S.K.: 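Here it is, the structure in full.
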Amino acid sequence: MSDSQVARQVGRRRTFAIISHPDAGKTTLSEKLLLFAGAIHIAGSVKARKASRHATSDWMEIEKERGISVASSVMQMEYRDHVLNLLDTPGHQDFSEDTYRVLTAVDSALMVIDAANGVEAQTRRLLQVCRARNVPIITFINKMDREVREPLDLLDQIERELGMAAVPLTWPVGMGSRFRGVFDLRSDRMRVFRAGADRLDGTGAAPEELGIDACIERFADEFAQARGEIELLRGASPAFDREAFLQGKQTPVFFGSAINNFGVQEVLDALVDLAPAPGSRVALQRTVDSSEPRFSAVAFKVQANMDPAHRDRVAFFRVCSGRFERGMQLKVVRNGKLIRPTSVVSFLSQRRELLDEAYAGDIIGIQNRGTLQLGDALTEDEDLQFTGLPFFAPEMFREVELADPMRSKQLKLGLAQLGEEGAIQAFRPHTGAALLLGAIGVLQFEVVAHRLTSEYGVALRLASCKYQAARWITADDPAELRRFIDANEMRVAYDAVEAPTYLAASQAELNVTQDRWKKIQFHAMRDHAGLVFQKSLQAA
């Protein structure tokens with residue numbers, strides 16, 4: 001395939017994450033985007049938890065039971081001759097690490113805001129990550145069919161709290177029981193709201209659109225207020241600037257009601273028309289351009305037991321450059337091993353489809369039998385190490401107490417595989433037998449206990465633990481690192497990639513240790529594969 005053909009395929013790709021505070025409607029919008037693109041025929045519900053249908057992106061049993069997303073899901077669909085790679089992220093802050101890693105694999109983000117609550121805490125955190133990476137943001141203000149905050153107030157809050165200009169491209173006419181539809185500010189047309197029918201329905205009737213005169217005639221009161229707001233916006237707001245949007249300085253804003261299918265079509269079109277095609281990726285050695293002919297990819301997620309019947313593990317790779325062909329020989333840069341993956345798949349959440357080729361921007365899944373880790377790079381032959389995949393030091397700890405000692409083998413297997421995912425961090429103490437689990441939020445412990453029971457048949461109890469802080473440790477002098485470990489062996493443990501970690505009972509204790517050992521570096525975050533830590537320890 002010629003370079004121009006590869007560039008054309010890359011230009012067709014759009015890879016984006018959906019982010020929001022919990023309960024803003026993120027997973028519902030994901031489902032409706034799939035529906036409108038024709039990827040699914042019936043949208044599952046994230047509200048009716050006992051119903052037979054569930055959201056396509058919520059595939060774990062605990063997600064179906066609770067109606068929440070606790071793991072990122074990958075879904076690929078085609079729309080208007082473009083390939084859209086959608087990554088639905090957990091909204092709950094206890095699973096923010098998974099979301100942060102997903103954001104390293106996308107080129108843009110779709111931010112969902114609850115029109116009743118406005119900008120919430122988790123939205124601010126996620127936007128900080130997006131802004132740090134200059135990720136372009138498209139905003140969807142959801143739930144306009146309810147009694148919510150005034151749209152002008154919401155725009156003002158976005159600009160004030162998120163630090164970027166909000167440029168509405170549609171505007172709501174009314175809200176709640178008086179919600180009449182959204183007005184397209186670019187075409188001066190209004191799409192009339194009819195719950196659940198904002199697309200071609202069974203009769204073949206297109207959604208009704210009205211010009212300004214017809215809007216005045218049919219919706220005199222509601223449209224009069226909306227028209228005044230629109231005139232104010234046009235006089236005071238900046239015009240949409242694509243360059244400012246691509247730099248993360250401006251966000252186009254759309255209004256609607258995802259549960260009622262309203263405003264979804266506009267968002268889907270915006271992803272094709274406004275969101276950027278796959279861009280370059282930074283490696284330690286050089287910057288890799290998406291249109292390069294040589295294949296490269298980076299693992300941003302590892303998921304165990306997507307198919308519980310087969311106890312499988314899948315590594316999710318973002319293709320960074322070139323063309324992937326099934327059966328091609330690839331190099332795992334971390335250890336130099338050569339692999340020839342044949343069972344490579346694309347995703348619709350848990351459902352998979354065997355693929356023959358993929359291009360920059362695509363998300364592919366490779367069966368993993370312990371060979372692949374988070375952050376691993378695959379190339380045809382070049383040594384590339386992609387940067388920016390974070391692991392954060394846990395803030396909570398639990399000791400693992402096994403109900404049946406005969407299941408210790410299954411426990412170690414389960415914790416090793418779940419630790420590979422990065423959703424929980426398992427630590428093996430330097431001395432002592434009790435395994436430790438570390439997490440950012442308490443809900444992570446509940447999910448791990450549930451998954452160990454349901455997926456590995458291991459019943460356990462998570463006991464409280466004295467540790468409250470952790471730091472990965474390195475040293476310029478390997479002998480100094482060994483001296484530190486020997487002197488603090490009761491406080492040292494090793495994570496999933498054998499990176500040594502210092503555990504402290506309090507922040508004060510950590511501060512004292514840092515002051516005492518000036519030649520040891522204490523890290524609150526480590527990069528993906530822990531290569532620096534392993535080399536430092538092995539040299540000792």
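Values below: all heavy atoms of this structure, side chains included; hydrogens, waters and symmetry mates excluded. A quick note: this is a predicted structure, and the numbers were derived from the prediction, not measured.
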S.K.: Given 3.5 Å as the limit, does a donor-acceptor pair link the side chain of Thr123 with the main chain of Ser20, or not?
M.R.: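 No, Thr123 side chain to Ser20 backbone: no donor-acceptor pair under 3.5 Å.
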S.K.: Measuring from atom CG of Leu510 to atom CD of Gln514, what distance do you get when rounded to the nearest 0.5 angstrom?
M.R.: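 Rounded to the nearest 0.5 Å, the CG-CD separation comes to 4.0 Å.
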S.K.: At what distance, to the nearest 0.5 angstrom, does CZ of Arg334 lie from CG of Leu378?
M.R.: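 Output value for this atom pair is 10.0 Å.
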S.K.: What verdict does the side-chain contact (heavy atoms from CB on, under 4.5 Å) test give for Leu372 and Phe317, after you've listed the backbone C-alpha separation in whole Å, the side-chain angles of each residue and the deciding distance to 0.1 Å?
M.R.: CA-CA 10 Å; Leu372 302 170; Phe317 280 83; 3.8 Å; yes
S.K.: Would you check if there is a donor-acceptor pair between the side chains of Ser321 and Ser296 at a distance under 3.5 Å?
M.R.: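 The criterion, which ignores hydrogens and geometry beyond distance, is satisfied for Ser321 and Ser296.
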S.K.: When the ring centroid of Phe484 is compared with that of Phe522, is the distance short of 6.0 Å?
M.R.: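 They qualify: ring centres under 6.0 Å apart.
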S.K.: Can Glu399 and Leu462 be said to form a side-chain contact (heavy atoms from CB on, under 4.5 Å), step by step?
M.R.: CA-CA 6 Å; Glu399 282 191 5; Leu462 298 179; over 6 Å; no
S.K.: Taking Arg281 first and then Asp107, would you say they form a salt bridge - that is, a charged N and a carboxylate O separated by under 4.0 Å?
M.R.: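 Salt bridge flag = yes for Asp107 with Arg281.
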S.K.: With a 4.0 Å cut-off, would you call Lys518 and Glu480 a salt bridge?
M.R.: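 The answer is no: the pair does not qualify as a salt bridge.
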S.K.: Taking NZ, NE, NH1 and NH2 as the nitrogens, is one of them in Lys519 or Asp477 under 4.0 Å from a carboxylate oxygen of the other?
M.R.: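 No, Lys519 and Asp477 are not salt-bridged.
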S.K.: Looking only at atom types and distance, does a side-chain atom of Asp376 sit under 3.5 Å from a main-chain N or O of Gln373, one as donor and one as acceptor?
M.R.: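 Checking the backbone N and O of Gln373 against the side chain of Asp376, a donor-acceptor pair under 3.5 Å is found.
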S.K.: Nearest 0.5 angstrom please: Thr287 OG1 to Glu292 CD, how far?
M.R.: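 Reported to 0.5 Å precision, the distance equals 9.5 Å.
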S.K.: Determine yes or no for a side-chain-to-main-chain donor-acceptor pair under 3.5 angstrom, with Arg407 supplying the side chain and Gly457 the backbone.
M.R.: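 A pair under 3.5 Å: yes.
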S.K.: Only counting residues at least two apart or in another chain, list the ones meeting side-chain contact (heavy atoms from CB on, under 4.5 Å) with Val298.
M.R.: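 With sequence neighbours excluded, Val298 shows a side-chain contact (heavy atoms from CB on, under 4.5 Å) to Arg318, Cys320, Phe386, given in chain and number order.
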S.K.: What's the spacing between Tyr456 OH and Leu411 CG if we round to 0.5 Å?
M.R.: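 Interatomic distance, Tyr456 OH to Leu411 CG, rounded to 0.5 Å: 11.0 Å.
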S.K.: Return yes if some donor-acceptor pair links the side-chain N/O of Asp495 with the main-chain N/O of Ala499 below 3.5 Å, else return no.
M.R.: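 Between the backbone of Ala499 and the side chain of Asp495 there is a qualifying donor-acceptor contact (under 3.5 Å).
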S.K.: Can you see whether Asn85 engages Gln76 through a side-chain donor-acceptor pair at a distance of less than 3.5 angstrom?
M.R.: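 Asn85 vs Gln76: donor-acceptor pair found between side chains.
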S.K.: Going by atom types only, do Tyr502 and Thr513 share a side-chain donor-acceptor pair under 3.5 Å?
M.R.: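 Side chains of Tyr502 and Thr513: pair found under 3.5 Å.
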S.K.: Can a salt bridge be assigned to the pair Lys331 and Glu382 using a cut-off of 4.0 Å between side-chain N and carboxylate O?
M.R.: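 A salt bridge is absent here (no side-chain N lies under 4.0 Å from a carboxylate O).
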S.K.: Rounded to the nearest 0.5 Å, what separates atom OH in Tyr359 from atom CZ in Arg13?
M.R.: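 Answer rounded to 0.5 Å: 7.0 Å.
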S.K.: Any sub-3.5 Å donor-acceptor pair from Gln285's side-chain atoms to Gln385's backbone N or O?
M.R.: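 Between the backbone of Gln385 and the side chain of Gln285 there is a qualifying donor-acceptor contact (under 3.5 Å).
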S.K.: Give a yes or no on whether Arg124 atom CZ has more than 12 heavy-atom contacts from other residues, nucleotides or ligands under 6.0 Å away.
M.R.: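 Yes - once you tally the heavy atoms of other residues, nucleotides and ligands closer than 6.0 Å, there are more than 12.
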S.K.: In this structure, which one of Ile138, Leu33, Leu87, Val102 forms a side chain to side chain contact (heavy atoms under 4.5 Å, CB included) with Ile18?
M.R.: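 For Ile18, the side chain to side chain contact (heavy atoms under 4.5 Å, CB included) check succeeds only for Leu33.
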S.K.: Distance from Asn511 atom CG to Glu509 atom CD, nearest 0.5 Å?
M.R.: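 Output value for this atom pair is 10.0 Å.
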S.K.: Can you list the steps and then say if Trp517 with Asn488 is a side-chain contact (heavy atoms from CB on, under 4.5 Å)?
M.R.: CA-CA 11 Å; Trp517 294 84; Asn488 296 275; 3.9 Å; yes
S.K.: May I ask you to decide if the ring planes of Phe397 and Phe427 are parallel, tilted or perpendicular, using 30° and 60° as cut-offs?
M.R.: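 Judged by the thresholds at 30° and 60°, the geometry between Phe397 and Phe427 is tilted.
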S.K.: If the threshold is 4.0 Å, N to carboxylate O, is there a salt bridge linking Glu357 and Arg323?
M.R.: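 Looking at Glu357 and Arg323, the cut-off is met.
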S.K.: Between Val106 and Ser108, what is the shortest heavy-atom contact and its length?
M.R.: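 What the structure gives for the nearest pair is CG2-O, 3.4 Å.
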S.K.: State whether a side-chain donor-acceptor pair under 3.5 Å links Thr251 with Thr139.
M.R.: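 Side-chain D/A pair, Thr251 to Thr139: present.
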S.K.: For Ala258, is there any backbone N or O sitting under 3.5 Å from a side-chain donor or acceptor partner on Asn142?
M.R.: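 Yes, the answer is positive, given that a donor and an acceptor are paired below the 3.5 Å cut-off.
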S.K.: Are the side chain of Glu78 and the backbone N or O of Val83 linked by a donor-acceptor pair below 3.5 Å?
M.R.: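 Such a contact is absent between Glu78 side chain and Val83 backbone.
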